[in-house]
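Written below as structure tokens is the structure these notes are about.
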Amino acid sequence: MQIPIEYYLILSAALFITGVIGVLIRRNAIMVFMCIELMLNSANLTLVTFSSYLGNSIGQLFVFFVMAVAAAEASVGLAIIIALFRNKLTVNIDEINIFKW
Amino acid sequence: MIDLIYLAVLLPLIGFLVNGIFGSRIKNEKVIGLIGSGAIGLAFLVVAGAFLQTLSLPVDQRTNYVELFTWIKAGGLHINAAYQVDQLSLVMGLIVTGVGFIIHVYSIGYMHGDKSVWRFFAYLNLFIFAMMNLILADNFVLMFLGWEGVGLCSYLLIGFWYDKPFEKSTTSAAGMKAFVVNRIGDVGFLLGMFLIYLTFNSLNFTDVFARASSFDVPGSVFTLITLFLFIGATGKSAQIPLFVWLPDAMAGPTPVSALIHAATMVTAGVYMIARTSLLYAMAPTTMMIVAVIGVFTAFFAATIGLVQNDIKKVLAYSTISQLGYMFLAMGVGAFSAGIFHLMTHAFFKALLFLGAGSVIHSMHAQQDIRYFGGLKKYMPVTYGTFLVAAFAISGIPPFSGFFSKDEILWYSYTNVGFFFWLLGAITAVLTAFYIFRIHFLTFNGTPRFDEKRTHPHESPKVMTIPLIILAVLSAVGGFIGIPEIFSGENGNVFSTWLAPVFKAAELKLSYFGSYSHFEELLFMSISVVGAIAGILTARYIYLSKPEIAESTARKYGRVYKILLNKYYIDEVYESTVVKPIINGSKSFLWKMFDVKLIDGFVNGLAGSVSNASKYLRKLQTGVVQLYALVMIVGILLALFWVILSL
């Protein structure tokens, strides 16, 4: 028997909301970063779901692109966080607010 | 050659560009002068070639068009850069390039040693370029381009010696005055043009004139159009009430006064009326106004000319007066007589100015006739040629001025009335008097300058030969327009040549009335006798009994003072127009409108943005998560909106 598509979508939405909440409430920059990855992956899951449901491989192709971009983004982001830590000795984003009025 | 007529426009432009761009690097005055006058000489040959070719064509094929390119195309408006080569534009073209060439050659001598000869020749060539556009244009817009161009060159050349003091201020101020007064007239020209387009839906001469006859347009529209155009003409051609700039224009070098402010530019208004004669013929009211303004300008300017002491000032008022005659001719419907006078006037007035320039040149920039006298023995050629011009302007037969002036006077009697003839004839007497006044005071009698310190000398050949050519033209130029009373049917070559251009207008006007030959001869003799009387009076007063002049001036002190101060017209304009405008601009437009309103608005806008951002920038907290929250809330709201609207 086939698992209905709603299950996938609900799981994906749950992952996404978890990511959003994480981005909004976590203080640690690395955690915020991981939550962003979570959101990306929830989107990936949706893409794969629809790809298999519609029998169209373009969705899976997209996933590879997203993963590649996410990997590049992760490397840049982590590099920024390390540079920040060396300067400020903290990765708490509440304390990193020098770009204000 | 007709197809090549654009060369007559292009060559002066090339001359202007060459002298204007490279002139300061060409150190040799002769080369500069050669480029400048060569361009005009070649242009003259082109026009002359076109003239000869047109002459060989049958009468009904003498109007040709040379289209160059589409200049403006916007909606229904379609304007070509196209030239109209017909009898009228050829006559004007010959005058402008011919007299222009002679004056260019003269300038080589006159401007010798000046620090910026190249600038002078560049401006002169630019002037001829603009003037040829004005003359040859086949539509109002191209004509207006030339119209503005000659105004610009006039301004540039009046203020040519920009650092030289002139009367109460500088020559640049005189140039500015000319420019501003001309601008008032130009507004009239523009309004006329707008109204023409509104009425006839075209600005092309041929279309407008065809539609003027066929469209059902009320007469008041014609009156309005022609009045607006006439305002433009009064500005350019120095007529009442906009004549005040011309006397001040004498601040420029004398060849400029001869070329621009006597022979060519100032006659542009006359030419424009001749070109649009059909429109004027449909507006009898305007014709009357033109005639009245013309004859009064002729008379008033002549009275002022009687007492002025600056030789160029006298000639300036004389020019205004002669232009008045031309407008009188236009107003009474004697279009070809007006153009004929325009031509003879170009000859003899250019000659008078160049002669005066020759005198000024040898007297070291002295222009006051009270310090001349007895120059005859020093400058025989200048003396002789000036005398010819003086006879011509006085209307002594068989000099050219006699034929043209008399034709105008005769038509003003037959077409309008005795009063116009009378005022014109009185003006002719005054003209003879004032021109011989300056002639006798300059060349005859005893020298009134210090002969030990000033050594007058005849001008070089490059200046005297142009004088001689112009003297010949002034002497014999009238023979192409001998009145029919002497030459028989169609014997007046000049008016026969121009007749096709003015045929439509003259049909509209159709003056009737028969006048006997006896009448014509009588009027002619009266004006000639009057002119001779004027000359003899001037001779009696200024040569035999110089004390009469002074005692008369003292006896009629008040009149003399009014005339000497030019009826205080400048002062009246100063207090009624210039001062109020300056004061109004200062107290209202500057201090109220500009400072408070315009600046207030702009500064207020900047200030309020700055104030608002003082509070708005608080939104930028620097906390990344707040930005993310706002973004997500926004996305959610957008999503809800999309879902709800489904």
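Below, chains carry the letters A, B, ... as their sequence lines are ordered, and counting in each starts from 1.
- Interface residue B:L629: backbone and side-chain heavy atoms are both found under 4.5 Å from chain A.
- Counted within 6.0 Å of CZ on A:F50, heavy atoms from surrounding residues, nucleotides or ligands total 12 or fewer; the atom is thus considered open.
- Within 6.0 Å of CZ on A:R27 lie no more than 12 heavy atoms contributed by other residues, nucleotides or ligands.
- Other residues, nucleotides and ligands place no more than 12 heavy atoms under 6.0 Å from the OH atom of A:Y8.
- B:V623 is not listed as a side-chain neighbour of A:K100, based on a closest heavy-atom distance of 4.5 Å or more.
- Across B:A628 and A:V23, no two heavy atoms sit closer than the pair CB-CG1, 4.3 Å.
- The number of heavy-atom neighbours closer than 6.0 Å to OH of B:Y615, taken from other residues, nucleotides and ligands shown, is 12 or below.
- Taking each heavy atom of B:Q625 and A:V32 in turn, the nearest pair found is NE2-CG2, 3.8 Å.
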Do any side-chain atoms of residues 12-19 of chain A form donor-acceptor pairs under 3.5 angstrom with protein atoms, and if so which ones, sequence neighbours left out?
from  : atom 1 : to    : atom 2 : distance (Å)
A:S12 : OG     : A:S42 : O      : 2.9
A:S12 : OG     : A:T46 : OG1    : 2.7
A:T18 : OG1    : A:A14 : O      : 2.5

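- For residues 68-97 of chain A, a heavy-atom distance under 4.5 Å to chain B picks out A:I93, A:D94, A:I96, A:N97, given by residue number.
- Other residues, nucleotides and ligands contribute only 12 or fewer heavy atoms inside 6.0 Å of the CZ atom of A:F62.
- Applying the 6.0 Å contact sphere to CE of A:M39 captures more than 12 heavy atoms from other residues, nucleotides or ligands.
- Within residues 143-163 of chain B, no residue has any heavy atom closer than 4.5 Å to a heavy atom of chain A.
- No more than 12 heavy-atom neighbours from other residues, nucleotides or ligands sit within 6.0 angstrom of CD1 on A:I58.
- Taking 4.5 Å as the heavy-atom cut-off, none of the residues of residues 590-614 of chain B approach chain A.
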